[in-house]
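Input: a single structure, listed below in structure tokens.
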Protein chains: 2
Amino acid sequence: MYSELDKLIKMSDFKGIIQQAGATERCPQNYVLALTDTMNVISGKWKLPIIASLLRGKIRFKDLLDNIEKITPRMLSKELKELEINSIVVRKVYNQTPVLIEYQLTESGRSLLNLIDTMIDWGLTHRSNVW
Amino acid sequence: MYSELDKLIKMSDFKGIIQQAGATERCPQNYVLALTDTMNVISGKWKLPIIASLLRGKIRFKDLLDNIEKITPRMLSKELKELEINSIVVRKVYNQTPVLIEYQLTESGRSLLNLIDTMIDWGLTHRSNVW
DNA sequence: ATAAGTAGTATACTTTTGTATAGTGAATTA
DNA sequence: TAATTCACTATACAAAAGTATACTACTTAT
């Protein structure tokens, strides 16, 4: 697909996730951007637990708090905002009384399931390689 | 493949990457372990640049330092040790004089290329979804 | 009127992660 | 003999990420 990583090595003046000297022309900057986007979406202690909970369907703040062990409202709020900014999550406000707020994944958010599966596959294979 | 993420939700007393209440029996702990393994291997500022450089072939400490822009010897050393402990990298010592030391990926390390490709795919699709 | 639930925010703090800068020791070339 | 290269290590510091604890504003149930 991108067959050799040659393609994404070196990207001097980008923030520097993938970079190596002397290969600028062979390294499509878009690949590097795409990779850093992906890293930003999944990295941190709480992103995957939140996404995993959301993969089960729309859910309210309070239920996320209860489902995700030991997360604080501060972190949940912060992470949801970040996921919303990155178009992974949508915050829906239903103007009933009392107001109802639900979080749900976007199409991009749902498509993370495939990536997560690939990560699990790699991890399982790695464990079988090593032990 | 793991079709529904149900399978990996809730894992109370594991470190807590993926967890949700009331689904213990449907959540194979191995999947959670595999996923956290994967996250540990790729997360941090320098892991992917190092792995990307190593995907081009065996390489020496000094050349990694030169190839990866702005990394310090301290971080390179630290990350290589971690990658070695996790069986992603092998440190080979050739007892010539002067001694020659080369780092190379293990089979598990090389197989990260597929994961990286999947991450790039997700990122590219996400960008096309959003803009 | 009081307590409890929802959806958070505010402030202060600790831990983790990464940076800056200098130095070591062995060998090697000038 | 002195400077340079290689492969790092040591110490101190700064920045980012995460935690603890309390609080707010609104609504509803008792």
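The figures here come from the full heavy-atom set of this structure, side chains too, leaving out hydrogens, waters and symmetry mates. First the proteins, then the strands, lettered A, B, ... as listed; each starts at 1.
Shown here are the side chain to side chain contact (heavy atoms under 4.5 Å, CB included) partners of B/K92, two or more places apart in sequence or in another chain: B/V90, B/Y94, B/Q104. By the side chain to side chain contact (heavy atoms under 4.5 Å, CB included) test, A/E84 is found to be paired with A/R91, residues two or more places apart in sequence or in another chain being considered. The side chain to side chain contact (heavy atoms under 4.5 Å, CB included) check on A/K81 picks up A/S77, with sequence neighbours excluded.
Put simply, CD1 on A/I71 is 15 Å from P on D/dA17, counting in whole angstrom units. At whole-Å resolution of the value, NZ in B/K81 and C1' in D/dC8 are 8 Å apart. Whole-Å rounding puts the B/M39 CE to D/dA17 P distance at 13 Å. The distance from atom CE of B/M75 to atom C1' of D/dA12 is 15 Å, rounded to the nearest whole Å. Across the protein-nucleic acid pair, B/F61 atom CZ and D/dT9 atom C1' stand 10 Å apart, rounded to whole Å. B/Y103 has its OH atom 14 Å from the P atom of D/dC6, to the nearest Å. Rounded to an integer number of Å, the gap from A/I68 CD1 to D/dT19 C1' is 16 Å. Rounded to an integer number of Å, the gap from CG of B/D66 to C1' of D/dA7 is 13 Å.
First and last contacts of DNA chain C with chain B, using any nucleotide atom under 4.0 Å from a protein heavy atom and ordered 5' to 3', fall at C/dG18 to C/dT28.
For D/dA15, neither phosphate oxygen OP1 nor OP2 lies less than 4.0 angstrom from any side-chain nitrogen or oxygen of B/K45.
Taken to the nearest 0.5 Å, the CG atom of A/L80 stands 10.5 Å off from the CD atom of A/E82. In this structure, A/I42 CD1 and A/I116 CD1 are separated by 8.0 Å, a value rounded to the nearest 0.5 Å.
Along DNA chain D, the nucleotide nearest B/L65 and the nucleotide nearest A/E79 are compared for position; the residue whose nucleotide lies closer to the 5' end is B/L65.
Counting only distance, with no hydrogens or angles, the side chain of B/T106 and the backbone of B/S87 share a donor-acceptor pair below 3.5 Å. Remark: side-chain polar atoms of B/T38 are paired, donor with acceptor, to backbone N or O of A/M119 under 3.5 angstrom. Side-chain N or O atoms of B/R110 include one that pairs as donor or acceptor with a backbone N or O of B/L105 at under 3.5 Å. Side-chain N or O atoms of A/H126 include one that pairs as donor or acceptor with a backbone N or O of B/N86 at under 3.5 Å. Distance alone, capped at 3.5 Å, is enough to place a donor-acceptor pair between the A/K47 side chain and the A/S43 backbone.
Residue-level contact check: B/R74 touches the bases, meaning some heavy atom is under 4.0 Å from a base atom.
B/N67 is listed as a side-chain neighbour of B/I59, based on a closest heavy-atom distance under 4.5 Å.
Non-hydrogen atoms lying under 4.0 Å from DNA chain C are contributed by nothing in residues 83-95 of chain B.
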A/S108 and B/N129: CA distance, side-chain angles, deciding distance, side-chain hydrogen bond (donor to acceptor under 3.5 Å, both in side chains) verdict: CA-CA 7 Å; A/S108 279; B/N129 284 348; 2.8 Å; yes

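Distances from the side chain of B/R60 to the nucleotides D/dC6, D/dC8, D/dG18 place D/dC6 closest.
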List, with names and distances, any nitrogen or oxygen atoms from the protein found under 3.5 Å away from nitrogen or oxygen atoms belonging to nucleotides 27-30 of chain D.
{"unit_1": "D/dT28", "atom_1": "OP1", "unit_2": "A/T97", "atom_2": "O", "d": "3.0"}
{"unit_1": "D/dT28", "atom_1": "OP1", "unit_2": "A/P98", "atom_2": "N", "d": "3.1"}

